Amino acid sequence: MVSRRKFLAGGAALGAAGAAIYATPLAKNLFLPPKANYVLTAQQSQWDFGGHINKPAQVFTYQKDQPVPLIRMQQGQPFYARLKNHMLEPTTIHWHGIRLPNAMDGVPYLTQEPVYPTESFDYQFTPKDAGTYFYHSHFNSLAQLSQGLAGMIIIDEVKKPDFDHDIPLNLRDWRINENGKYQNFLEPITAAKAGTFGQLKTANWQVAPNHIVKPNSLVRLRILVSDVTRIFKLIVKDSSNPEAKAKIIAIDGNPIDDIRDMGREWIGPGMRMDIAILTPDEGQTIELVNTSTNKPWVVASLTSQGQSQKRVWQDLKPLPQNPIEPLDLQGAEIKKFEFSASSGEQEDLGINCAASDYIFWAINKTAIGHLDPNSSSLRPAANLKLGKTYIFEFTNITPQTHPIHLHGFFFRVLSSTKRKIAPHWADTSLIRPKETVRVAFNADTLGNWLMHCHILEHQKTGMTGYINVS
Ligand code: C2O
Ligand code: CU
């Protein structure tokens, strides 16, 4: 066991660069958890994609030669995880979508020092909300997620809902060829457009996995898009019944107000969707299909086998709501954010640019590629007052769709200038070309919170900013 003294000494040895430019002090490990729920050892490892490539691929994961583990937490119960870095580069973990103290948010230079090779970092928080979430590296994110460091989190409700099966699906591509060689993670030509797509398409690191389920049972299927680029357009197909038997029950971890039938659903990087499925009779299969490209493909499937559970749709009950404080929309202040392309020549637009090899994008004409602590452009995109409600107006003036993610809060997606939106809580929202989307949230937690496009080539080439709540 690592002693407290040794642990603090390790923390103190971390580089102090950058700490001074932020108002809030960076997180340090000041305690030792009584017992870690998870020890996550970031490491280079191997994974066999089962004949889809010629030899096991080199990946990054948190357990030797295994996919990134599913993490399970309990709503309202303290959670402890120790991140150990056995890689040759720094790393951190961001708990995407989870409302937690800023110091635990895992953003290097903004909320904590990077965790250097051989170092470790303890994350501790108590999740207030239940649902489906996501954890991933936030250091050199494009490369570290592209090689594996992204996994699912299930936070169990205090009172468990009544499903026969609970199946998590982590959807992502790998930019890897048949010989196990990675393509460049950043391709300037595509980074300036929709981003670069991978060739090997997986769910839970497997190609089109099939799950055996009981006939006529209720399944909770938890979908996460952890891909760094692809925006999926998902449908559910039932081999015995053209009317797909699927209903949407939650978005980004939060139960929606009115359960609705699933149609063709857009779901982008960083986003989650929980759907309920009533499985077909013995021997029949249900497929989850991506239809975002001209060649649709089966992402995963469920095949009914065994004893019928005799379920009917009336058995599906709404999930319990998460404890989110109501919004004060009347008194809300509006803040506008424009997502644009940068010209590439910063002077032209007066774009204020932090160090990065390429800059293609900007938020309110400020382009931050990575959170370089020496950069002068690192200042908040907005300063918010603790306890106030804000309306953020996201305007996309680019020809691409951007999944915009705000750390640390759930925002209520209120409306769009282009389409009808059923208001719902989310932490990531797709903003279409020429669209303005209004979201509202309570600035109820102190700190510096990142806000960025979750297409990671966009994040890395300028579409990053942060807000300060004080
Ligand atoms: Cu999942 Cu800063 O992101
Ligand atoms: Cu984007």
Side-chain angles (χ1 to χ4, degrees), residues 68 71 91-100 102 104-112 114 132-142 144-146 149-153 170-172 186-187 190-197 224-231 252-253 266-272 337-342 358-363 367-371 381 394-411 426-435 437 447-467:
V68 165
I71 287 186
T91 193
T92 62
I93 292 179
H94 168 55
W95 311 89
H96 180 126
I98 297 180
R99 299 194 290 164
L100 40 58
N102 193 243
M104 295 290 108
D105 198 43
V107 180
Y109 307 116
L110 196 63
T111 71
Q112 69 168 95
T132 305
Y133 300 88
F134 170 32
Y135 71 109
H136 60 81
S137 160
H138 220 296
F139 190 95
N140 200 5
S141 313
L142 174 60
Q144 292 192 7
L145 271 78
S146 292
L149 294 185
M152 292 191 82
I153 300 171
N170 174 4
L171 309 189
R172 60 165 299 167
L186 190 120
E187 291 284 0
T190 37
K193 295 187 183 139
T196 316
F197 295 97
L224 157 70
V225 174
S226 74
D227 195 61
V228 298
T229 307
R230 191 179 298 283
I231 301 171
D252 285 1
W266 290 102
I267 165 167
M271 298 167 72
R272 289 89 63 210
F337 299 90
E338 186 185 77
F339 299 87
S340 69
S342 77
Y358 297 98
I359 288 293
F360 301 121
W361 309 98
I363 302 176
I368 299 177
H370 54 91
L371 298 160
F394 294 141
T395 299
N396 176 4
I397 60 164
T398 79
Q400 268 75 39
T401 298
H402 301 284
I404 300 301
H405 172 48
L406 174 63
H407 285 215
F409 303 93
F410 295 136
F411 50 70
D427 54 63
T428 308
S429 190
L430 290 173
I431 319 294
R432 311 283 172 81
K434 311 263 152 41
E435 184 182 44
V437 171
N448 289 321
W449 301 99
L450 212 62
M451 186 169 81
H452 60 88
C453 179
H454 225 287
I455 292 176
L456 298 189
E457 279 170 298
H458 294 177
Q459 176 193 21
K460 196 182 170 72
T461 57
M463 209 176 267
T464 303
Y466 72 94
I467 58 166

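Residues: numbered from 1 along the sequence shown. Just so you know, ligand 1 is whichever comes first in the structure, and atom 1 is the first atom listed for that ligand. Bear in mind that the values here come from a model prediction, so they are computed numbers and not experimental data.
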Do any of the N/O/S atoms of H452, backbone or side chain, fall under 2.8 Å from atom 2 (Cu) of ligand 1?
->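 So H452 counts as coordinating atom 2 (Cu) of ligand 1, yes.
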
Counting backbone and side chain alike, does H405 bring an N/O/S atom below 2.8 Å of atom 2 (Cu) of ligand 1?
->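 No.
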
Do any N/O/S atoms of [X] come under 2.8 Å of atom 1 (Cu) of ligand 1?
X	value
H136	yes
H96	yes
H94	no

Pick one: which of F394, F339, W361 meets ring pair (Phe, Tyr, Trp, His ring centres under 6.0 Å) with H402?
->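 Exactly one option meets the ring pair (Phe, Tyr, Trp, His ring centres under 6.0 Å) with H402, and it is W361.
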
Check whether any N, O or S atom of H402, backbone or side chain, sits closer than 2.8 Å to the Cu ion (ligand 2).
->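 Checking the Cu ion (ligand 2) against H402, an N, O or S atom does fall under 2.8 Å.
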
Would you say the side-chain atoms of [X] pair up with the backbone N or O of [Y], donor to acceptor, closer than 3.5 Å?
X	Y	result
E457	T196	yes
S340	I397	no
T92	G106	yes

Evaluate the criterion side-chain contact (heavy atoms from CB on, under 4.5 Å) for residue pair H94 and H136; output intermediate values, then yes/no.
-> CA-CA 5 Å; H94 168 55; H136 60 81; 3.6 Å; yes

By atom name, which N, O or S atom of H458 is the nearest to the Cu ion (ligand 2)?
->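 The atom in question is ND1.
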
Given atoms NE2 of H407 and NE2 of H138, what angle do they subtend at atom 2 (Cu) of ligand 1, to the nearest 10 degrees?
->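 Roughly 100°, rounded to 10°.
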
Mind checking whether H452 and H458 have ring centres under 6.0 Å apart?
->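 No, ring centres 6.0 Å or more apart.
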
